[in-house]
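The shown structure was predicted, so the numbers you read here are calculated from the model rather than taken from an experiment.
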Amino acid sequence: GIEGLQALVRVGHPKLAEVLKDTLDSRDAALREAAFNELVNQSDASSEQIAMQFTLKQMESAPPTPGMLNFLAKVKDQAAVPLLLKHLKNPATDRTGLINTLAQIGDQTARLLRQARDLQVVHLLGERDCQLVHVGHEAWEVRAAQALHELLGGAEDASHRAARRRHVHI
């Protein structure tokens, strides 16, 4: 159990990373989380790699946990960006946590998403829009302004008019 894992960590078991990796496959969610937390607290590259592989695999089918978001912010691995963006579309997801993690990873996507979050429009953006943001497409500004327009119930604001004047509608 969890106490056994903690004991192995305390004594510095020589095969600790291997044991923790095997524990990530446990059916017990609390045990998996404990193993993940111990992995991310280790200072060796092997443990970090195991934790990263586990995080990416989990994010393929479920939103990242707060612990995973903290880990991703620490390691700043760009491989997580597409999966983080995928989860932005889910209304039950902690979008603020996702956006903050993207910002800490340092991807340009995060800057644009942070601007959208400040306008409270991220929840109106679909998959195509997230792809535009990810590639840095200039039409992002228009799409964000359109989403803001929808959010405000159709009342066109200055940012929407300015974006419309600068870019071709997509």
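Ring pair Phe54/Phe36 is tilted by interplanar angle, where 30° to 60° counts as tilted.
Between the NZ atom in Lys86 and the CE atom in Met59 there is a gap of 8.5 Å [rounded to 0.5 Å]. Atom CG of residue Leu102 and atom CG of residue Leu72 lie 9.0 Å apart, to the nearest 0.5 angstrom. To the nearest 0.5 Å, atoms CZ (Arg32) and OG1 (Thr65) are separated by 10.5 Å. Here the straight-line distance linking atom CG of Leu16 with atom OG of Ser47 works out to 6.5 Å at 0.5 Å rounding. To the nearest 0.5 Å, atoms CG (Leu39) and CD (Gln53) are separated by 10.5 Å. Taking CG of Asn100 as the reference point, atom CG of Leu69 lies at 9.0 Å (rounded to 0.5 Å).
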**OP:** Take Asp77 and Thr55 through the test side chain to side chain contact (heavy atoms under 4.5 Å, CB included) and record every step on the way to the result.
**Re:** CA-CA 11 Å; Asp77 192 322; Thr55 300; over 6 Å; no

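No donor-acceptor pair under 3.5 Å is formed between the side chain of His87 and the backbone N or O of Thr93. Between the Lys74 side chain and the Val40 main chain, a donor and an acceptor come within less than 3.5 Å of each other. With hydrogens and angles ignored, the 3.5 Å screen pairs a side-chain donor or acceptor of Gln42 with a backbone N or O of Glu38.
Using a 4.5 Å heavy-atom threshold, the side chains of Leu56 and Glu60 count as separate. Side-chain atoms of Gln58 and Pro64, non-hydrogen and from C-beta on, never get closer than 4.5 Å to each other. Side-chain contact between Leu84 and Ile105 is present, with at least one heavy-atom pair separated by less than 4.5 Å.
In this view, Leu5 and Val19, Leu20, Thr23, Leu31, Ala34, Ala35 satisfy the side chain to side chain contact (heavy atoms under 4.5 Å, CB included) rule, not counting sequence neighbours.
Open room surrounds NZ on Lys57; 12 or fewer heavy atoms of other groups in view lie less than 6.0 Å from it.
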